[in-house]
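Here's the structure we're looking at; comments come further down.
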Amino acid sequence: MSSIQSLKVENFKGIRHAEISVAGRHLVVIGGKNGAGKSSFLDAFGEILDPKGTKLIARPIHDGQEVAEVTLTTDSRIITRRWTKNDAGTLTVAALDGAKYGSPSQAVKELVGAVPFDPLEFTRRPDADQRRALLERVELPFDLVQLDAERAGAFERRADLKRELAREQALVKSLPDGIGGEVVSASDLVAQLAEAEREVREHAEATDQIARSEARQQQIAEQLAALKAEYTEIEATKQGLTAKVQGWVESDHAGIRARLDGIDEHNEGVRARQAKAAAAESVAKFEQAVAAAQAELDRIDKVKADGLAAADFPAGLSVDETGITVNGVPFKQINSATRIRVALDLVTQAHPDLRIVMIKDGSLLDSESLREIEALAQERDYLVLVEVVDEQGAGEFVLTEGVLA
């Protein structure tokens with residue numbers, strides 16, 4: 001691990017000259033009035049330790065100067081960024097023995113692992129970003145991204161099913177109860193009516209034939225003796241036709257017509273009952289599907305809850321569905337100083353080779369908070385740079401008009 005020995009800033013933004021020996025220190029408080037250059041001092045090291053190489057500050061060079069330079073010296077190397085003519089700056093990393101690195105930006109990236117961290121910036125992130133940052137620092141028995149994706153899918157399926165269920169329930173409620181029975185075919189009844197009318201016509205014809213037969217029978221009776229054989233045949237025919245007529249008279253001609261007249265009402269009632277039964281069956285299916293989707297959501301939520309409960313979070317920290325909690329209280333609801341301490345606790349759990357943290361607006365921190373921060377920095381071997389407003393110039397390191405006293 002590299003130990004930081006000194007920090008030096010020349011002509012960078014609001015700084016004309018500032019140099020501090022930090023060997024063996026874990027907390028350095030930079031004081032001064034507003035506009036004295038405190039933020040410029042921290043920004044200088046934000047630039048030099050940016051793994052991407054630069055944040056492209058528009059005017060890095062102090063007014064009236066030609067060159068700006070920032071130097072961070074460790075026990076093994078010197079890291080320098082030098083600007084001329086307001087360019088993006090040149091980064092160099094050299095070993096104390098004079099050797100240089102082929103890729104300075106890669107060397108810085110390997111040293112810090114990420115852009116130097118400002119806990120105050122963390123406190124201002126959206127809840128979801130804070131939650132993600134905390135979860136990245138704990139071991140979970142599942143892939144949280146995948147689990148959240150599964151839950152989102154299950155939630156969407158349940159929502160769709162609930163919408164379908166509501167439509168089916170509304171349909172069931174709107175449909176009349178209808179009547180029982182089977183739907184009757186109008187064409188069948190029309191055919192039956194035609195058959196009955198045909199039978200009526202045949203009945204009339206047979207009746208006429210009977211009348212004619214009776215007249216003929218009268219004639220034959222007068223000639224009975226001569227026509228007995230013919231009379232017997234006619235009598236047989238008469239009896240057959242009489243039996244047939246009796247059968248026709250018994251056919252339900254009127255009943256068929258009555259059923260045909262009421263067929264539309266009957267069929268409407270039957271179809272209404274069938275539609276309501278089908279809709280009720282659909283409701284039951286959707287209710288089962290919604291219950292299954294809810295069970296899947298409950299399973300996912302339990303897996304997540306059990307995993308988060310078993311995770312080794314930093315003391316007092318956990319997460320809910322939206323963000324971080326501190327002893328059960330949402331992160332955004334605790335006071336500013338506590339939020340900064342919590343954020344510092346999170347970032348210093350990482351173990352890069354070069355450990356440095358910068359806190360702007362450190363005036364939010366009281367003396368007790370600063371002591372806690374220094375203790376944590378010492379425990380984890382970090383250097384914490386803190387910017388505070390110091391109107392009286394009573395601090396150990398005070399900037400006055402861009403110069404560090």
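Side-chain N/O atoms of Asp188 and Gln192 include no donor and acceptor closer than 3.5 Å. When only modelled atom types and interatomic distance are considered, Ser369 and Arg341 share a side-chain donor-acceptor pair under 3.5 Å. For the residue pair Thr73/Gln5, the side-chain donor-acceptor check at 3.5 Å is not satisfied. Looking only at atom types and distance, the side chain of Asn335 has a donor-acceptor partner in the side chain of Thr338 under 3.5 Å away.
Ion pair Glu368/Arg371 not flagged as a salt bridge, since none of the NZ, NE, NH1 or NH2 atoms sits closer than 4.0 Å to an Asp/Glu carboxylate oxygen. Lys304 and Asp301 are not joined by a salt bridge, as no carboxylate oxygen comes within less than 4.0 angstrom of a charged side-chain nitrogen. Under the 4.0 Å criterion applied to side-chain N and carboxylate O atoms, Arg380 and Asp345 are assigned as salt-bridge partners. A salt bridge does not link Glu374 with Arg25: every distance from a Lys NZ or Arg NE/NH1/NH2 to an Asp or Glu carboxylate oxygen is 4.0 Å or more. Between Glu205 and Arg201 there is no salt bridge, since no side-chain nitrogen of the basic residue lies less than 4.0 Å from a carboxylate oxygen of the acidic one. Classification of Arg299 and Glu150 as a salt-bridged pair holds, one side-chain N sitting under 4.0 Å from a carboxylate O. The residues Lys360 and Glu387 are annotated as not salt-bridged, no charged nitrogen and carboxylate oxygen being separated by less than 4.0 angstrom. Under 4.0 Å is where a charged nitrogen must lie from a carboxylate oxygen, and between Lys33 and Asp390 no such pair does. No salt bridge links Asp381 with Arg355; every basic N to acidic carboxylate O contact stays at or beyond 4.0 Å. Ion pairing of Lys276 with Asp177 is present here, as a side-chain N (NZ or NE/NH1/NH2) and a carboxylate O approach within less than 4.0 Å. A salt bridge between Arg124 and Asp361 is present, with a side-chain N of the basic residue lying under 4.0 Å from a carboxylate O of the acidic one.
Minimum interatomic distance between Leu27 and Ile373 (heavy atoms only, all atoms of both residues): CD1-CG2, 4.3 Å. Between Val319 and Thr325, the shortest heavy-atom distance links the atoms N-OG1, 4.0 Å. Residues Phe331 and Arg339 approach most closely at O-CD, 3.2 Å, considering heavy atoms. Residues Ala44 and Val9 come closest through the heavy atom pair CB-CG2, 3.8 Å. Heavy atoms only, all atoms of each residue included: Val29 and Val388 are closest at CG1-CG2, 3.5 Å. In plain terms, the two heavy atoms of Leu42 and Ile359 that are nearest each other are CD2-O, 3.7 Å.
By the neighbour-count criterion of 12 heavy atoms within 6.0 Å, atom CD of Glu182 is sparsely surrounded, having that number or fewer from other residues, nucleotides or ligands.
Using a 4.5 Å cut-off on side-chain heavy atoms (C-beta onward), Phe397 and Leu404 make contact. Using a 4.5 Å heavy-atom cutoff, the side chains of Ile20 and Ile30 are in contact. Within the 4.5 Å cutoff, the side chain of Val108 has no heavy atoms near those of the Ile48 side chain. Side chains of Val326 and Leu317 form a contact here, defined as non-hydrogen atoms less than 4.5 Å apart. No side-chain heavy atom of Val172 sits less than 4.5 Å from a side-chain heavy atom of Gln169. Between Arg158 and Gln294, the closest side-chain pair of non-hydrogen atoms falls below 4.5 Å. Considering only heavy atoms from C-beta on, Glu287 comes within 4.5 Å of Leu165 through its side chain. For the pair Thr74/Arg77, a side-chain contact is recorded, criterion being any heavy-atom separation below 4.5 Å from C-beta on.
Residue Glu69 holds its CD atom at 10.5 Å from OG1 of Thr90, rounded to the nearest 0.5 Å. In this structure, the separation between CG on Leu365 and CD1 on Ile340 is 4.5 Å, given to the nearest 0.5 Å. Remark: Ser2 OG to Asp353 CG distance equals 3.5 Å, nearest 0.5 Å. Taken from OG in Ser282 to CZ in Arg167, the straight-line distance is 10.5 Å, to the nearest 0.5 Å. To the nearest 0.5 Å, the span separating NZ on Lys13 from CD1 on Ile61 amounts to 13.5 Å. Here the OG-CD distance, from Ser363 to Glu391, works out to 9.5 Å after rounding to the nearest 0.5 Å.
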TODO: Take Arg132 and Asp129 through the test salt bridge (Lys or Arg N to Asp or Glu O under 4.0 Å) and record every step on the way to the result.
DONE: CA-CA 5 Å; Arg132 189 181 309 112; Asp129 288 352; 2.9 Å; yes

Open item on the list: Evaluate Val386 against Val28 for side-chain contact (heavy atoms from CB on, under 4.5 Å), listing each step before the verdict.
Closed with: CA-CA 6 Å; Val386 181; Val28 174; over 6 Å; no

- [ ] Carefully, step by step, assess Asp127 and Ile324 under the rule side-chain contact (heavy atoms from CB on, under 4.5 Å).
- [x] CA-CA 7 Å; Asp127 292 344; Ile324 293 176; over 6 Å; no

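The side-chain contact (heavy atoms from CB on, under 4.5 Å) test with Ile79 is passed by exactly one of Val70, Leu91, Thr92: Leu91.
Under the 30°/60° scheme for interplanar angles, the aromatic rings of Trp83 and Phe12 are found to be tilted.
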